[in-house]
Amino acid sequence: MLALARWLMRGTPYAAGGAALATFVPWLFWLGAAISALVTLRRGFAQALPVTIAAALPAGMWWVQGDVIPLASILLVTLMAVVLRERMRWSEALILGAIAAAVMVQLGIFSPPAGTEQMLEQLRQGSQEVDRMLNEFADQGYDTQQLAALVVGGVTGFVVLLAAVACLALARSWQAGLYNPGGFREEFHGLRLAPKELIVLIVLSVISMVLGISALAMLAWIPLLVAGIALVHGIVGLKGMNGLWLVAFYVLLITTWPTILIVLLLGLIDTFANIRARLARSN
């Protein structure tokens, strides 16, 4: 895909056309978002604005038709690209991205346009267990439609944030491949949260729980998760291990919750212990 990135960076018309075409095609919105992020990282937000707009216009069409994910992903990845370009810190870009995604969830952007009543009715008809559980929630005084909207919105926001992070990583790898070979690998392998950044996440989580902003409480830990993933990549790189270890790691990460908790714990420990630096000294 580096050849594609090289062609896109020949000029704004190439990048804008590629971003618009990619976003117009269903399920290729991630490519349009990555193109917008690449131009933003390389040239800055002002010069990348035509490309971002070109990607956002087809995404706006999908929004009108009920699919908010493409446009939300483009806006989110562009925001994180601006922060990463200006601050040169992945952690700060991830934290601001998590806050922005939580704001989107709280504003109801990811809630089903037609409401959740029909969805809940289909779930009740499809499973007696779900019907019994929903009745129990209703008996306890909970608004099941509001709970369903919160779950759908939270899960969608979670997916959009992860997609935006993946698009940003793709754009950064393109940028490094074109202008600084090997730079992305070094940068990502060295990603870790500073103690003050971890404190910010803790404060955000506490505030969200006090104020009942559940979306922020869930999404605030995505930066720590990414830092834990970067730690695993860094260890594999330092030890010269086979890439199949990373394949196995991602399979476990996607399929098992305990792996996610372990990665979060590793990211937390690394904030204070700087595990990669200790391993490098021992080598």
For [X] and [Y], work out which heavy atoms get closest and say how close.
| X | Y | answer |
| --- | --- | --- |
| V77 | L168 | CG2-N, 3.6 Å |
| P58 | A20 | CG-O, 3.5 Å |
| F110 | V152 | O-CG1, 4.0 Å |

When you compare the side chain of [Y] with that of [X], does any pair of heavy atoms fall below 4.5 Å?
| X | Y | result |
| --- | --- | --- |
| L57 | I53 | yes |
| M104 | V68 | no |
| I222 | F158 | yes |

Mind checking the [atom1]-[atom2] spacing from [X] to [Y]? Nearest 0.5 Å is all I need.
| X | Y | atom1 | atom2 | value |
| --- | --- | --- | --- | --- |
| Q175 | M9 | CD | CE | 8.0 Å |
| L76 | I69 | CG | CD1 | 12.0 Å |
| R192 | N274 | CZ | CG | 4.0 Å |
| L279 | L238 | CG | CG | 6.0 Å |
| W245 | N242 | CH2 | CG | 9.0 Å |
| L225 | L261 | CG | CG | 10.0 Å |

task = Give the intermediate values and the outcome of side-chain contact (heavy atoms from CB on, under 4.5 Å) for residues L75 and L79.
result = CA-CA 6 Å; L75 296 177; L79 169 65; over 6 Å; no
Enumerate, atom names and distances included, each donor-acceptor pair closer than 3.5 Å involving a side-chain atom of residues 31-41, sequence neighbours excluded.
{"unit_1": "S36", "atom_1": "OG", "unit_2": "T52", "atom_2": "OG1", "d": "2.9"}
{"unit_1": "S36", "atom_1": "OG", "unit_2": "T78", "atom_2": "OG1", "d": "3.1"}
{"unit_1": "T40", "atom_1": "OG1", "unit_2": "S36", "atom_2": "O", "d": "2.8"}

With [X] via side chain to side chain donor-acceptor pair (under 3.5 Å) - residues at least two apart:
| X | result |
| --- | --- |
| T12 | R43 |
| R85 | none |
| S73 | none |

request  = Just jot down the side chain to side chain contact (heavy atoms under 4.5 Å, CB included) partners of A59, sequence neighbours excluded, or say none.
outcome  = T23, P70, L71, I74
note = Sorted by chain and number, sequence neighbours left out, side chain to side chain contact (heavy atoms under 4.5 Å, CB included) with A273 holds for I269, I275, R278
note = The ring pair (Phe, Tyr, Trp, His ring centres under 6.0 Å) partners of Y179 (sequence neighbours excluded) come to none
State yes or no: do [X] and [Y] share one hydrophobic cluster built from I, L, V, M, F, W and Y residues joined by side-chain heavy-atom distances below 4.5 Å, directly or via other members?
| X | Y | value |
| --- | --- | --- |
| L49 | L8 | no |
| L162 | V160 | yes |
| L84 | V82 | no |
| L21 | W63 | no |

ask   = Taking the inter-plane angle between the rings of W27 and F29 on a 0 to 90° scale, is it parallel (under 30°), tilted (30 to 60°) or perpendicular (over 60°)?
value = tilted
request  = For R276, check salt bridge (Lys or Arg N to Asp or Glu O under 4.0 Å) against everything at least two apart and list the hits.
outcome  = D270
Can you give each donor-acceptor pair under 3.5 Å made by side-chain atoms of residues 204-219, sequence neighbours left out, with the distance rounded to 0.1 Å?
{"unit_1": "S205", "atom_1": "OG", "unit_2": "L201", "atom_2": "O", "d": "2.9"}
{"unit_1": "S205", "atom_1": "OG", "unit_2": "W221", "atom_2": "NE1", "d": "3.1"}
{"unit_1": "S208", "atom_1": "OG", "unit_2": "L204", "atom_2": "O", "d": "3.2"}
{"unit_1": "S208", "atom_1": "OG", "unit_2": "S205", "atom_2": "O", "d": "2.6"}
{"unit_1": "S208", "atom_1": "OG", "unit_2": "A217", "atom_2": "N", "d": "3.4"}

note = Under a side-chain separation threshold of 4.5 Å, the hydrophobic residues clustered together with W62 are F24, M61
inquiry  = Can a donor-acceptor pair be found, under 3.5 Å and without considering hydrogens, that links the side chain of R172 to the backbone of F184?
reply    = no
Name every donor-acceptor pair, under 3.5 Å, that has one atom in a side chain of residues 247-254 and the other anywhere in the protein, sequence neighbours excluded.
{"unit_1": "Y250", "atom_1": "OH", "unit_2": "H233", "atom_2": "NE2", "d": "2.6"}

For residues 90-102, which side-chain N or O atoms pair as donor and acceptor with protein atoms under 3.5 Å away, sequence neighbours left out?
{"unit_1": "W90", "atom_1": "NE1", "unit_2": "E187", "atom_2": "OE1", "d": "3.0"}
{"unit_1": "S91", "atom_1": "OG", "unit_2": "R89", "atom_2": "NE", "d": "3.4"}
{"unit_1": "S91", "atom_1": "OG", "unit_2": "R89", "atom_2": "NH2", "d": "3.1"}
{"unit_1": "S91", "atom_1": "OG", "unit_2": "E197", "atom_2": "OE1", "d": "2.9"}
{"unit_1": "S91", "atom_1": "OG", "unit_2": "E197", "atom_2": "OE2", "d": "2.8"}
{"unit_1": "E92", "atom_1": "OE1", "unit_2": "R87", "atom_2": "NE", "d": "2.7"}
{"unit_1": "E92", "atom_1": "OE2", "unit_2": "R87", "atom_2": "NH2", "d": "3.3"}

